[in-house]
Amino acid sequence: MCGFTGFIVFYGAWKTRKTKNVDNYLRTGKSSSWWVVALSIMATQASAITFLSTPGQAYADGMRFVQFYLGLPIAMIILSITAVPIYSKLNVYTAYEYLEKRFDLKNRVLGSILFLTQRGLAAGLTIYAPALILSVILGWELNITIILIGSMVILYTSIGGTNAVNKTHILQITIITIGMFASFFMIYILLPKDISVIDAAYIAGKMGKLNAIDFSFNLNDRYTFWSGIIGGTFLMLSYFGTDQSQVARYLAAKNITQSRMGLLVNGLVKIPMQFIILFIGAMVFVFFQFVTPPLFFNPVETEKVKSGSYSKEYLQLENEFELLQDQKRIKLREMLDESSRSSLSESKDVNNELNKISTREHDLKNSAKVIIKKNNSEADTNDTNYIFITYIVNFLPVGLIGLLLAAILAASMSSTSAELNSLASTSLIDIYKRMINKKGSDDHYLKFTKYATVGWGIYAVAFALLASELGSLIEAVNILGSLFYGTILGIFLVAFYTKRISGNSVFIGAIIAESVVIYSFFFTSIPFLWYNVIGCVIVIAFSFVLNPILPSKENR
Amino acid sequence: MDENSQNITEDKPPFLGSWNKIYFFVFGELILLIALFYLFTKAFS
């Protein structure tokens with residue numbers, strides 16, 4: 001693990017140490033091939049928390065999370081047709097530069113400040129979340145883990161810029177892929193010898209974990225075909241089309257063809273990749289049907305409750321949970337026998353009994369969470385993120401544990417490096433060079449960008465360190481992201497898809513949208529995910545309403 | 001001809017001959033995946 005992680009940092013810094021000008025630093029001198037762009041896009045999106053929590057998601061809730069990505073190929077096609085030719089034609093460094101060319105300076109500044117605010121804090125979370133999980137499971141000191149991950153990323157990202165980010169992304173996505181396939185292979189090695197691959201899939205299916213598609217239309221259900229196709233398309237359009245951490249990936253391509261191919265390959269590969277990761281989670285679930293899992297997967301909270309005043313109640317729940325596991329294993333083997341005999345009525349009886357056991361298991365887990373919360377009111381009762389790492393650390397051989405921990409660190413560094421790089425490029429292009437120092441030399445701007453990368457890195461690490469002391473900040477960051485994302489998307493959608501809307505009307509529309517979103521946050525109980533829709537719709541609506549009234553450049 | 005307009009004229013896909021065919025291919029894969037996921041869900045439910 002240490003060897004590979006150290007190699008990535010050294011390789012990224014060494015291979016790109018001779019980056020001599022701003023264009024090379026921010027866009028690799030527009031030299032990237034489509035496959036580098038595609039891998040870099042995937043590595044940027046695959047953060048460590050995705051890598052850790054996606055299998056856990058399948059374990060807890062089945063494979064329906066795959067529907068979240070159904071809008072991605074559609075968004076890739078739309079962006080290839082619209083955004084890529086526009087960015088390429090205008091030869092921009094950042095997405096927000098385009099807003100000035102299309103509207104005016106104030107829209108560019110508004111877009112870039114919204115991005116810097118949101119992404120700067122998100123970079124801290126990208127470092128903090130995996131550091132927390134690794135420290136809990138491996139017993140590492142949290143602050144040292146945060147500083148270690150942050151320092152490694154800052155080192156190679158500040159030396160080599162986008163070139164270093166892209167080059168290390170290739171290695172990082174390779175180790176992530178190898179790690180996932182290795183863990184997939186190991187599940188079948190570790191399953192009981194009389195349980196075949198088909199048996200494992202049969203069990204997962206019967207226990208409701210292979211529910212990849214759900215065509216029902218239910219607004220309260222987060223993951224359905226419809227929410228994936230409609231909501232997912234908007235979300236992916238916003239993320240890949242307006243977030244500089246992704247836009248920078250395809251702006252580094254040699255030409256428009258390479259940019260488009262990078263995006264479209266991502267559109268082809270992403271869903272099968274997520275399907276495989278979720279299937280691994282479903283198989284981890286089957287594995288834990290034959291090996292008793294912990295009642296609660298976060299070992300720190302479990303230890304706290306066992307050594308506290310609720311120890312007796314918790315141990316009672318654990319005992320009942322273990323007895324239930326024995327009963328379940330007997331029934332699972334009966335179910336497999338019934339399935340081979342294809343006796344419908346007997347099979348139904350076994351399924352009903354398994355359902356009863358699952359319901360009781362679910363109740364016991366909920367009771368355990370209530371006790372954990374009573375014991376420690378600050379405790380996070382969602383243990384989904386700890387499921388896959390528990391499997392890795394407790395059941396895989398030592399060498400493979402190192403490989404997978406390297407993959408987790410690689411995933412953490414890949415998204416953080418892209419974030420720091422995009423924050424630095426936006427700071428230079430949209431703020432410093434545009435408004436503070438217009439006549440600096442290329443060398444001066446290059447130095448500024450390197451310092452900005454280090455500065456944003458320190459900011460992210462500092463926030464991650466602060467987050468470890470103020471747990472509620474994590475939720476605050478997620479809410480903060482939703483406070484701005486809808487407005488940014490609205491501005492870009494008006495820019496891409498309308499010709500006559502002026503900068504003044506979209507700017508005022510954005511201010512109104514942001515005010516309504518902030519009002520909703522403080523004075524209503526609307527769930528924060530809806531702020532994205534509210535912000536976007538209000539920007540578009542007010543842009544159209546105000547455009548005939550307000551003066552524009554053309555009118556003057 | 002400046003660099004940007006050169007980029008636009010070079011805009012030919014490396015496979016399948018036209019961008020529309022590539023877009024159709026990506027969209028077709030999405031439809032195929034949805035169909036396969038449906039069959040997968042049905043087969044194991």
Side-chain angles (χ1 to χ4, degrees), chain A residues 30 33-34 62-64 66-67 69-74 76-78 80-81 84-85 87-92 198 200-215 225 228-229 253-261 263-272 274-275 279 282, chain B:
Chain A
K30 290 185 88 66
S33 303
W34 63 266
M63 291 182 66
R64 66 198 191 111
V66 77
Q67 296 169 111
Y69 294 92
L70 292 180
L72 190 142
I74 298 170
M76 296 300 100
I77 293 170
I78 294 171
S80 294
I81 294 168
V84 172
Y87 290 152
S88 190
K89 190 177 172 185
L90 298 174
N91 199 23
V92 293
I198 299 295
Y202 184 81
I203 291 168
K206 286 290 175 194
M207 305 291 274
K209 303 299 173 187
L210 302 187
N211 50 347
I213 283 283
D214 175 7
F215 285 112
F225 169 81
I229 281 284
K254 280 176 193 165
N255 52 40
I256 191 170
T257 304
Q258 306 296 317
S259 294
R260 275 179 169 163
M261 285 305 295
L263 281 171
L264 293 169
V265 167
N266 184 44
L268 282 172
V269 174
K270 185 69 186 180
I271 296 177
Q274 287 301 128
F275 181 86
F279 191 67
Chain B
M1 184 185 282
D2 66 12
E3 191 185 292
N4 299 326
S5 53
Q6 208 172 16
N7 283 342
I8 300 297
T9 55
E10 283 171 8
D11 185 20
K12 287 178 186 171
F15 316 107
L16 300 177
S18 77
W19 284 111
N20 280 345
K21 284 181 183 169
I22 296 212
Y23 298 146
F24 187 77
F25 182 73
V26 174
F27 190 72
E29 191 223 26
L30 174 65
I31 301 295
L32 179 68
L33 285 174
I34 291 167
L36 288 174
F37 289 170
Y38 176 74
L39 293 174
F40 176 81
T41 305
K42 280 280 168 197
F44 289 105
S45 64

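Labels below follow one simple rule: chain letters A, B, ... track the order of the sequence lines, proteins then strands, and each chain is numbered from 1. Computed from a predicted structure; not experimentally measured.
- Shown here for A:P73 and B:V26, the closest heavy-atom pair between the two residues is CB-CG1, 3.9 Å.
- At a 4.5 Å heavy-atom cutoff, A:I203 makes no contact with chain B through either its backbone or its side chain.
- Neither the backbone nor the side chain of A:L72 comes within contact range of chain B; no heavy atoms are under 4.5 Å apart.
- A:M63 places none of its side-chain heavy atoms less than 4.5 Å from the side chain of B:F37.
- The closest side-chain heavy-atom distance from B:Y23 to A:S80 is below 4.5 Å.
- No side-chain heavy atom of A:F215 sits under 4.5 Å from any side-chain heavy atom of B:T41.
- Looking at B:L36, neither its backbone nor its side chain comes within 4.5 Å of chain A, counting heavy atoms on both sides.
- A:V265 does not touch chain B: none of its heavy atoms, backbone or side chain, sits under 4.5 Å away.
- Put simply, the side chain of B:F40 does not reach to within 4.5 Å of the side chain of A:I213, judged on heavy atoms.
- Only the side chain of A:F279 comes within contact range of chain B, judged by heavy atoms closer than 4.5 Å.
- Only one option out of A:L268, A:V269, A:I271 pairs with B:E29 in a side-chain contact (heavy atoms from CB on, under 4.5 Å); it is A:L268.
- Heavy-atom minimum distance, B:P13 versus A:T257: CA-CG2, 4.3 Å.
- Across A:G267, A:G62, A:G205, the residue that shares the most heavy-atom pairs under 4.5 angstrom with chain B is A:G205.
- Rounded to the nearest 0.5 Å, atoms CD1 (A:I77) and CZ (B:F27) are 7.0 Å apart.
- Contacts with chain B were tallied for A:L264, A:D214, A:L210; A:L210 has the most, counting heavy-atom pairs under 4.5 Å.
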